[in-house]
Asker: 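Dumping the structure here so I can ask a few things about it.
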Amino acid sequence: MNRARWITSIVTLSALWLMGALVFAPRVQNALETAAREAVEGLPAFTGRASRLKLVFQGLRAHLSGAVRTAQDRSILEQAVSDLVRAPTPLATSLGLRLNPVSAVLNEIEVVPLPPGWLLLAATGTQARLLGAAASEHEARDLARSVQENWGMRGGVLRGVPLIDGEHRDEAASVSTTLRGLPAPQNNTQTLLARIGQPWKTLRVDESDAALLAEARLHGVTEAEWREHVLPALQEVRAAASAQQAAEIERHRQAALPRGHVFIATRGGEITLRGEVGDTASKRDLLDETLPVFAPRQVHDEIRISPRRRPGGEFPAISTALLPEQGAGQEKTLYLGFEGGAWKPVDWQVAGEAQPWKKELPADVDAALLQQDSNELIAWLQGAAKPRAIVPARPAFITLAVFGSKAVLCGQVGEESTRSQLIAAARRAYAPRILVLHDELRLEAGCLPARGILNTVKSLPLAPAASLEGIFAIATPGSVWTVLPVTRALVEAGGLTRAPGLPDGLSASLVEERSIEAIEQLRYWISHLPPTTSTP
């Protein structure tokens, strides 16, 4: 080979080598970088944390940079890139192999620990939500369980689990300070913020959003987390705090109101309850106790419900001791009772505007609140006409639902004798195969008196022949029953207002209100019928 050919060969080989370097080397480097990233992301300690690292290859030499949490993580990374990278090389590819071609590792990774996450507890009384961000799934799970147990042991209920953000948070070295410092549930609202591993800080929700955001940032909350998670929770607590404050103001206002009063006046076979109470429940409880005790006397309900009286009180027990003594020659009595007090006898044989009860007045009740009631009842006991009825007469009616193995009586009547006869007639008609429930057939003072119930008890509808059928019947005392077939439309809200055949003078809404127990049981029964049953 002459000199010219040597020169040509050298130039050709150089060109081929250069072409290989330009074409194949970048492919090898890209393959190595991809393989290195896969090896690092496969390490448990770096799952979700690889974004802080940079892996670059210069030929077969690895260059590592970025940041890790600990020196141990730095060593683990270097070892992984040195030993675990598997990538094809030109020779290995031709043989179908994937080898570790890394020749050297330049490790310039910095050790920069990440801050721990944060927790927010938003509590309304004993109910609380837990928000936050933790470094790993097991840290979030363990923290949530521990806080729930701590809160629950002191009577609270807590729900929620912190989010997981391993990219920007590290696990706290110790969480004992946070767990031990958790306050106990209170009756009011609480908003508590803590960086995991540090004490809790109470946030005052009456402060501005800007001030609260600045405090949250100091505990590791990002602005995105603030907008998406923390601020909505704070707004819920603010709303609850406002409602609690309004309720507290209302409680103080009601506590300052005078307690309710009721006179019980007896004249022969009539008894009048007259006075003023703060809520329907107080009146209902008193009447429910009074009517059976004073049967068969006629009870006149003239108890007013007024917002100027303190609600929620309880009157003393009713007994026959409030009635005139037998054989005493006197069939008239007058008693006065206050919520939270006792029944006191009142001298009704006085004149005009006398106040024989004044010495019994509690400190919070003004005599003027009782004066008119006292005057009219004393006049009635002394022979005047019946005091003007304050509560208009209510219609008496009975409803009956028969389905499956139950018969449910509901409605309102004015006499215990009427109620007892209806229950006894239903038991004779349906027991023992059918259970008769009658708790919602109520005595209601002020109901129109029954003029005989013979027709009603004698015309009780027959129970459905088939176990998958039901009836709903309505009657007024003394009338026969109006029977309606049970349908899905009938037991819907407002279904009775659309049903034909209600007795004259009865409001469908009142019948539905007093029969809600029967209607709800019918609705449940229909919803659990076998699919083959066709109930319209």
Side-chain angles (χ1 to χ4, degrees), residues 288 291-292 295-296 393-445 447-491 495-526 528-529 533 535-536:
D288 284 349
L291 293 173
R394 303 175 179 87
F397 64 90
I398 313 100
T399 63
L400 169 68
V402 185
F403 55 96
S405 60
K406 292 182 183 178
V408 183
L409 283 167
C410 298
Q412 58 186 34
V413 294
E415 304 89 8
E416 175 62 30
S417 59
T418 301
R419 181 176 182 273
S420 300
Q421 290 181 66
L422 286 164
I423 294 170
R427 285 173 172 164
R428 287 194 301 271
Y430 304 121
R433 183 177 68 85
I434 295 175
L435 175 66
V436 178
L437 304 176
H438 51 77
D439 288 348
E440 294 304 315
L441 178 56
R442 308 192 62 142
L443 285 173
E444 186 74 37
C447 275
L448 292 170
R451 296 184 177 86
I453 59 169
L454 183 62
N455 286 342
T456 308
V457 299
K458 292 296 185 182
S459 62
L460 278 166
L462 295 174
S467 61
L468 300 179
E469 295 178 0
I471 61 169
F472 184 82
I474 309 170
T476 56
S479 71
V480 296
W481 294 86
T482 298
V483 180
L484 303 173
V486 175
T487 64
R488 296 185 187 276
L490 181 70
V491 298
L496 283 178
T497 63
R498 298 183 291 272
L502 260 68
D504 294 338
L506 279 184
S507 163
S509 60
L510 176 61
V511 173
E512 186 168 340
E513 177 187 347
R514 285 287 189 264
S515 307
I516 191 64
E517 176 66 22
I519 291 172
E520 287 184 351
Q521 290 206 35
L522 281 170
R523 186 182 300 127
Y524 179 84
W525 172 72
I526 286 178
H528 287 76
L529 287 177
T533 304
T535 302

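Keep in mind that the numbers below use all heavy atoms, side chains included, and drop hydrogens, waters and symmetry copies.
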Asker: So Leu510 and Phe397, do their side chains get closer than 4.5 Å, heavy atoms only?
Answerer: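 Touching, per the 4.5 Å side-chain cut-off.
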Asker: Within the side chain of Glu440, is there an N or O that forms a donor-acceptor pair under 3.5 Å with the backbone of Arg514?
Answerer: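 No, the answer is negative, given that no donor and acceptor are paired below the 3.5 Å cut-off.
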Asker: Only counting residues at least two apart or in another chain, list the ones meeting side chain to side chain donor-acceptor pair (under 3.5 Å) with Arg428.
Answerer: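 With neighbours one apart ignored, the set is empty.
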Asker: List for me each residue that meets side chain to side chain donor-acceptor pair (under 3.5 Å) alongside Ser479, sequence neighbours excluded, and say none if there are none.
Answerer: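 With sequence neighbours excluded, Ser479 shows a side chain to side chain donor-acceptor pair (under 3.5 Å) to Thr476, given in chain and number order.
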Asker: What is the distance from atom OH of Tyr524 to atom CG of Leu529, rounded to the nearest 0.5 Å?
Answerer: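 Spacing of OH (Tyr524) from CG (Leu529) equals 11.5 Å.
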Asker: Would you compute the distance between atom CH2 of Trp525 and atom CG of Leu468 and round it to the nearest 0.5 angstrom?
Answerer: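 Separation between the atoms: 7.0 Å.
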Asker: Could you go through the side-chain contact (heavy atoms from CB on, under 4.5 Å) check for Asp439 and Glu517 one step at a time?
Answerer: CA-CA 9 Å; Asp439 288 348; Glu517 176 66 22; over 6 Å; no
Asker: Would you name the heavy atoms of Arg433 and Ala463 that are closest together and state the gap between them?
Answerer: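 It is NH2-CB, 3.8 Å.
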Asker: Between NZ of Lys406 and CG of Leu522, what distance do you get to the nearest 0.5 Å?
Answerer: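 Rounded to the nearest 0.5 Å, the NZ-CG separation comes to 10.0 Å.
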Asker: Could you report the tightest heavy-atom contact between Ala407 and Tyr430, atom names first, then the distance?
Answerer: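 Reported closest heavy-atom pair: CB-CD1, 4.1 Å.
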Asker: Are Arg442 and Asp288 side-chain neighbours, meaning at least one heavy-atom pair lies under 4.5 Å?
Answerer: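 Of all side-chain heavy-atom pairs linking Asp288 with Arg442, at least one is under 4.5 Å.
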Asker: Taking all non-hydrogen atoms of both residues, which atom of Ile519 and which atom of Glu512 are closest, and how far apart?
Answerer: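 Minimum heavy-atom contact is CD1-CG, 3.8 Å.
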Asker: Side chains of Ile398 and Pro477: does their closest heavy-atom pair fall under 4.5 Å?
Answerer: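 A side-chain contact under 4.5 Å exists here.
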Asker: Over all heavy atoms of both residues, which pair between Val436 and Ala426 is shortest? Give the atoms and the distance, please.
Answerer: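 Shortest heavy-atom separation between Val436 and Ala426 comes out as CG2-O, 3.8 Å.
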Asker: In Å, rounded to the nearest 0.5 Å, how long is the span from OG1 of Thr418 to CG of Leu443?
Answerer: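 The CG atom of Leu443 is 9.0 Å from OG1 of Thr418, to the nearest 0.5 Å.
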Asker: Does any non-hydrogen side-chain atom of Ile526 lie less than 4.5 Å from one of Phe403?
Answerer: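 Side chain of Phe403 against side chain of Ile526, heavy atoms only: no contact under 4.5 Å found.
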Asker: Which pair of non-hydrogen atoms, one from Gly478 and one from Thr456, has the smallest distance, and what is that distance?
Answerer: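 Scanning both residues, the minimum pair turns out to be N-OG1, 2.8 Å.
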Asker: May I ask you to decide if Val413's main-chain N or O and Arg419's side chain share a donor-acceptor pair within less than 3.5 Å?
Answerer: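 Answer holds: no.
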Asker: Taking side chain to side chain donor-acceptor pair (under 3.5 Å) as the definition, give me every residue that meets it alongside Ser420, ordered by chain and number, with sequence neighbours left out.
Answerer: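 Counting only residues at least two positions away or on another chain, Ser420 forms a side chain to side chain donor-acceptor pair (under 3.5 Å) with Glu416.
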Asker: Any side-chain heavy atom of Pro461 within less than 4.5 Å of one from Leu400?
Answerer: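 Yes, side chains in contact.
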Asker: Let me see the working for Leu490 and Leu496 under side-chain contact (heavy atoms from CB on, under 4.5 Å), right down to the final yes or no.
Answerer: CA-CA 6 Å; Leu490 181 70; Leu496 283 178; 3.7 Å; yes
Asker: In Å and rounded to the nearest 0.5 Å, what is the CG to CG distance from Leu409 to Leu437?
Answerer: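 Nearest 0.5 Å value for the CG-CG distance: 8.5 Å.
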Asker: Restricting to non-hydrogen atoms, name the atom on Leu506 and the atom on Pro395 that form the minimum distance, rounded to 0.1 Å.
Answerer: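 Taking every non-hydrogen atom into account, CD2-CB, 3.9 Å.
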Asker: Supply the atom-to-atom distance Phe472 CZ to Thr399 OG1, rounded to the nearest 0.5 angstrom.
Answerer: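 Nearest 0.5 Å value for the CZ-OG1 distance: 4.5 Å.
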